[in-house]
Structure formats: C-alpha cells, structure tokens
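One structure below.
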Amino acid sequence: QVQLVESGGGLVQAGGSLRLSCVASGRTFNSYAVGWFRQAPGKEREFVAVISWIAGRTYYADAVKGRFTISRDNAKNTVYLQMNSLKPEDTAVYYCAADAGAILPKRVSEYTYWGQGTQVTVSS
C-alpha cells in the first residue's frame with residue numbers, strides 16, 4: 001500500500017506560481033511512476049504530468065507544457081509540481097497518483113494509488 005498526501009494548493013492571481021507537493025508513505029516510493037491529474041467542476045479528471053521511477057523521465061499534457069515542471073526527491077518520498085504562469089483555466093482540484101506498472105502512465109485507469117487532492121484556484 002502507498003498513501004499519498006498532496007499540499008501546496010491555494011488561491012493565486014493569473015500569471016502567478018504555486019508548487020504542489022505529493023508526499024508518499026508506505027511501500028518503497030522510488031519504484032513507482034507518479035502522475036499529477038486535475039479535475040475542474042463538471043469535467044472529467046485529466047492528465048497533467050508524470051515522472052517515471054527510472055531516469056526521471058517526464059511527460060506533460062500540451063496544456064501545461066512549458067509552464068509546469070514535475071520533479072521528484074526519492075530521499076524525501078516527495079514529488080513536486082511547479083506551476084508557473086498560471087491561468088484561470090488551470091483552476092481545479094489537483095491529485096497525485098502512483099503506480100508501479102507503466103513507465104509513464106497517462107490514463108486515470110493506469111494508476112493504483114491516489115491522494116485526496118488539493119484545490120488550486122487562479123483568479124483573473
């Protein structure tokens with residue numbers, strides 16, 4: 001079992017930045033790919049970014065490419081999502097998820113473990 005806890009959300013003006021953290025406990029974290037997803041009201045949960053467990057490979061959704069950066073610190077069992085140049089359309093609940101299967105999973109169905117989410121609100 002892996003337990004995930006997100007933090008770092010909040011209210012920010014358009015153009016601002018936030019850094020989300022996802023702290024894991026339980027089984028060895030460094031063998032899991034970790035992804036970030038987001039869900040806005042009335043919309044489906046969508047993929048944001050993922051980092052692999054090996055070689056730190058990353059992949060981003062087109063909507064956030066160049067603005068968001070995902071990174072991990074296995075010694076701290078933590079994955080970060082640095083979000084810059086935030087836009088009102090980035091407003092959503094952000095979730096981190098972990099899985100030991102695919103190297104760079106991008107679908108909700110590929111993930112086994114999920115956090116409870118953290119709210120990000122970007123005002124215009």
Side-chain angles (χ1 to χ4, degrees):
Q1 284 283 359
V2 174
Q3 292 79 43
L4 303 173
V5 178
E6 305 95 335
S7 64
L11 173 64
V12 64
Q13 288 188 332
S17 298
L18 284 173
R19 188 177 79 158
L20 305 183
S21 299
C22 172
V23 179
S25 60
R27 302 183 67 176
T28 303
F29 185 56
N30 59 6
S31 61
Y32 286 76
V34 177
W36 284 96
F37 289 76
R38 65 188 182 185
Q39 188 166 18
K43 294 188 176 182
E44 292 187 354
R45 193 168 297 190
E46 66 174 3
F47 168 79
V48 174
V50 60
I51 187 164
S52 66
W53 65 270
I54 187 170
R57 291 173 57 188
T58 59
Y59 187 86
Y60 298 89
D62 287 344
V64 307
K65 201 173 296 182
R67 300 188 297 123
F68 291 10
T69 302
I70 189 171
S71 61
R72 68 190 299 162
D73 184 339
N74 286 336
K76 296 183 178 179
N77 278 357
T78 303
V79 170
Y80 304 98
L81 185 69
Q82 178 66 44
M83 305 187 297
N84 298 329
S85 302
L86 282 161
K87 305 174 181 180
E89 50 264 44
D90 294 319
T91 295
V93 177
Y94 282 71
Y95 299 89
C96 68
D99 195 78
I103 294 176
L104 290 172
K106 305 172 190 68
R107 294 190 296 268
V108 170
S109 60
E110 293 184 278
Y111 286 85
T112 303
Y113 303 105
W114 290 85
Q116 294 300 306
T118 184
Q119 176 71 46
V120 171
T121 303
V122 184
S123 63
S124 57

Margin query: When you measure from the side chain of K87 to the backbone of S85, do you find a donor-acceptor pair of N or O atoms at a distance under 3.5 Å?
Written below: no

Margin query: Count I, L, V, M, F, W, Y as connected when their side-chain heavy atoms are under 4.5 Å apart, and connections chain through other members. Are Y95 and V48 then in the same cluster?
Written below: no

Note to self: Give me the atom names and distance for the closest heavy-atom approach of S17 to N84.
What the structure shows: OG-OD1, 2.9 Å

Check: More than 12 heavy atoms of other residues, nucleotides or ligands under 6.0 Å from CD of Q116: is that the case?
Finding: no

Notebook entry, point to check: Quick one: salt bridge (Lys or Arg N to Asp or Glu O under 4.0 Å) partners of R45, sequence neighbours excluded?
Noted result: none

Margin query: Please check: side-chain N/O of Y80 versus main-chain N/O of R19, any donor-acceptor pairing under 3.5 Å?
Written below: no

Check: How about F68 and W36: do any of their side-chain heavy atoms sit closer than 4.5 Å?
Finding: no

Notebook entry, point to check: Does any N or O in the side chain of T91 come within less than 3.5 Å of the main-chain N or O of V122, such that one atom is a donor and the other an acceptor?
Noted result: yes

Checklist line | CD on Q82 to CD1 on I70, rounded to 0.5 Å | finding: 12.0 Å

Notebook entry, point to check: Got V108 and E44 here, is their nearest side-chain heavy-atom distance under 4.5 Å?
Noted result: no

Notebook entry, point to check: Considering all heavy atoms of both residues, which atom of L81 and which atom of A49 are nearest to each other, and what is their separation?
Noted result: CD1-CB, 4.2 Å

Next item on the list: Working to the nearest 0.5 Å, report the span between NZ of K65 and OH of Y59.
Entry: 5.5 Å

Check: Can you tell me how far the OG1 atom of T58 sits from the CZ atom of R72, to the nearest 0.5 Å?
Finding: 11.5 Å

Next item on the list: Indicate the atoms forming the closest heavy-atom contact of A33 with V50, along with that distance.
Entry: CB-CG2, 4.5 Å

Check: Minimum heavy-atom separation for E110 to A102, with atom names?
Finding: OE2-CB, 3.9 Å

Notebook entry, point to check: With a 4.5 Å limit on heavy-atom distance, are the side chains of M83 and D90 in contact?
Noted result: no

Item checked: E46 (side chain) donor-acceptor with R38 (main chain) under 3.5 angstrom -> no

Check: Side chain of E6, backbone of C96: donor and acceptor closer than 3.5 Å?
Finding: yes

Next item on the list: Check side-chain hydrogen bond (donor to acceptor under 3.5 Å, both in side chains) between K43 and all other residues, then give those that pass, not counting sequence neighbours.
Entry: none

Check: Are Y111 and I103 connected, step by step, through hydrophobic side chains (Ile, Leu, Val, Met, Phe, Trp, Tyr) whose heavy atoms are closer than 4.5 Å?
Finding: yes

Next item on the list: Using a 4.5 Å cut-off on heavy atoms from C-beta on, say whether the side chain of V23 contacts that of Q3.
Entry: no

Check: Do I51 and F47 belong together in a cluster built from hydrophobic side chains that touch within less than 4.5 Å?
Finding: no

Check: Does S52 offer a backbone N or O that forms a donor-acceptor pair with the side chain of R57 under 3.5 Å?
Finding: no

Notebook entry, point to check: Among all residues two or more places apart in sequence or in another chain, which pass the side chain to side chain contact (heavy atoms under 4.5 Å, CB included) test with V2?
Noted result: L4, A24, R27, Y32, Y113

Margin query: Starting from L104, can I reach Y60 by hopping between I/L/V/M/F/W/Y residues whose side chains sit under 4.5 Å apart?
Written below: no

Item checked: V34 with V120, same ILVMFWY side-chain cluster at under 4.5 Å -> yes

Next item on the list: Quick one: pull up CD in Q13 and OG1 in T121 and give me the separation to the nearest 0.5 Å.
Entry: 13.0 Å

